[in-house]
Amino acid sequence: ILVGAPQAAGQGQLRGSRPGALFRCPITPEEYDCERVDIDGDVSLDRESKDNQWLGVSVKSQGIGGKVVTCAHLYELRQRVRQPSETRDPIGRCYVLSDDLTRRDDLDGGEWKFCEGRPQGHEQFGFCQQGLSVSFTPDRNFILFGAPGTYNWKGEMRVELLNQTVLDLGFYDDGPYEVADHKELNALLIPVPYHSYLGLLFMASAVEDALLYKTLEPSTPFEDVAHNSYLGL
């Protein structure tokens with residue numbers, strides 16, 4: 001069983017912080033036989049922060065022989081560190097691993113962070129929170145990322161090619177795809193109001209070539225729940 005532990009204490013360079021972790025646990029009666037997966041053990045404090053990044057907030061597997069993905073939606077990029085104008089942008093990032101939980105090919109690793117290098121600020125990509133939800137399509141060809149903090153919390157969905165063999169089948173429209181278009185970056189293309197958190201929750205449908213997306217109407221009444229509470233997460 002793969003278990004995400006978003007508040008797990010750090011080790012090595014990350015000692016003294018809580019970056020979170022991914023564990024693999026055999027199905028046995030033993031209580032303490034889980035093993036930490038070594039995927040995120042270093043940090044560059046002049047450009048990033050991993051304290052309270054919540055690694056393991058989402059974990060998905062393609063099953064036997066397939067890929068595994070886990071995300072840290074509060075991973076922060078830092079700019080102008082230790083200056084009065086320092087900024088911290090919780091863009092989030094995800095790690096893809098092979099079935100043995102190691103890095104075996106070019107798809108593996110933690111460079112899945114599509115909001116990096118884009119305009120900052122909460123009205124753009126500074127609060128992306130990529131990876132609060134993540135999934136694979138049933139055909140194993142694509143990986144899906146939710147980024148509910150994008151565009152003043154309208155939210156965003158991104159779909160990226162994972163299986164390069166589809167190119168051999170003559171399928172050349174291989175993305176990436178975003179609701180706001182990955183080239184135009186036009187929030188007006190997203191058919192929901194601000195603060196809708198598109199990408200907070202989604203799943204791949206059992207129906208071929210279908211995906212289900214869920215977002216609440218901002219006017220949905222809830223009692224005793226503050227804004228930005230992520231009810232239902």
Side-chain angles (χ1 to χ4, degrees), residues 6 48-49 52-60 69-79 87-96 110-137 142-162 173-205 209-233:
E48 63 184 356
S49 174
N52 289 314
Q53 68 174 350
W54 282 51
L55 177 63
V57 68
S58 55
V59 181
K60 284 291 187 296
V69 61
T70 186
C71 299
H73 75 294
L74 293 179
Y75 166 83
E76 288 183 338
L77 281 184
R78 304 175 66 187
Q79 298 189 47
T87 60
R88 294 192 175 201
D89 300 312
I91 64 169
R93 75 187 297 183
C94 295
Y95 293 80
V96 172
E111 295 308 311
W112 297 86
K113 40 186 177 177
F114 72 87
C115 293
E116 184 176 31
R118 292 185 174 185
Q120 298 172 266
H122 65 83
E123 72 282 358
Q124 291 290 320
F125 301 94
F127 287 77
C128 264
Q129 299 184 32
Q130 174 193 340
L132 196 51
S133 58
V134 66
S135 190
F136 297 103
T137 54
F142 294 90
I143 187 169
L144 302 86
F145 301 105
T150 310
Y151 300 119
N152 200 13
W153 291 278
K154 261 195 172 190
E156 178 61 286
M157 285 285 312
R158 182 175 173 95
V159 180
E160 293 199 39
L161 180 67
L162 194 67
D173 186 15
D174 56 356
Y177 311 102
E178 294 180 24
V179 183
D181 191 275
H182 76 285
K183 294 181 179 179
E184 291 188 31
L185 304 180
N186 183 0
L188 296 177
L189 297 176
I190 302 176
V192 296
Y194 292 112
H195 299 279
S196 291
Y197 305 110
L198 178 68
L200 177 64
L201 172 67
F202 62 87
M203 67 186 72
S205 170
D209 296 328
L211 297 172
L212 305 179
Y213 306 93
K214 178 61 178 176
T215 181
L216 293 176
E217 290 292 336
S219 59
T220 302
F222 285 104
E223 296 182 359
D224 302 322
V225 177
H227 288 298
N228 302 329
S229 292
Y230 300 108
L231 179 67
L233 177 61

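In this text, all values refer to a predicted model and were calculated from it rather than measured experimentally. We count residues from 1, following the sequence as given.
No donor-acceptor pair closer than 3.5 Å links the side chain of S135 to the backbone N or O of L144. Here the side chain of R88 pairs no donor or acceptor atom with the backbone of E76 at under 3.5 angstrom. Looking at E116, its side chain never comes within 3.5 Å of a backbone N or O of I91 through a donor-acceptor pair. Within the 3.5 Å criterion, the main-chain N or O of R118 finds no donor-acceptor partner in the side chain of Q124. Judged by distance alone, with hydrogens and angles left aside, the side-chain atoms of T70 form a donor-acceptor pair with the main-chain N or O of S58 at under 3.5 Å. Using modelled atom types, one side-chain atom of S133 and one backbone atom of G199 make a donor-acceptor pair closer than 3.5 Å.
In this structure, the side chains of F114 and E178 come closer than 4.5 Å at one or more pairs of heavy atoms. Inter-residue side-chain proximity for W112 and V134 is flagged as unmet; no heavy-atom pair is nearer than 4.5 Å. Considering only heavy atoms from C-beta on, V179 comes within 4.5 Å of P191 through its side chain.
Ring geometry for W54 versus H73: interplanar angle over 60°, hence perpendicular rather than tilted (30 to 60°). The aromatic rings of F127 and W153 are tilted relative to each other, their planes meeting at an angle between 30° and 60°.
Taking NZ from K113 and OH from Y95, the interatomic distance works out to 7.5 Å, rounded to the nearest 0.5 Å. Expressed to the nearest 0.5 Å, how far CG of L162 lies from CZ of F142 amounts to 9.5 Å. Put simply, CG on L74 and CG on L55 are 11.0 Å apart, with the number rounded to the nearest 0.5 Å. With rounding to the nearest 0.5 angstrom, the CD atom of E48 is 3.5 Å from the OH atom of Y75. Between L132 atom CG and C71 atom SG the span is 9.0 Å, to the nearest 0.5 Å. Between the CE atom of M157 and the CG atom of L198 there is a distance of 7.0 Å, given to the nearest 0.5 Å.
Nearest heavy atoms, N186 versus Y151: N-OH, 4.1 Å. Closest non-hydrogen pair, R158 versus P176, comes out as NH2-CG, 3.2 Å. Minimum heavy-atom separation, C128 to T150: SG-OG1, 3.4 Å. Shortest non-hydrogen contact noted between C94 and Q130 is SG-NE2, 3.8 Å. Contact between E123 and Q120 at its shortest, heavy atoms only, is OE2-O, 3.9 Å.
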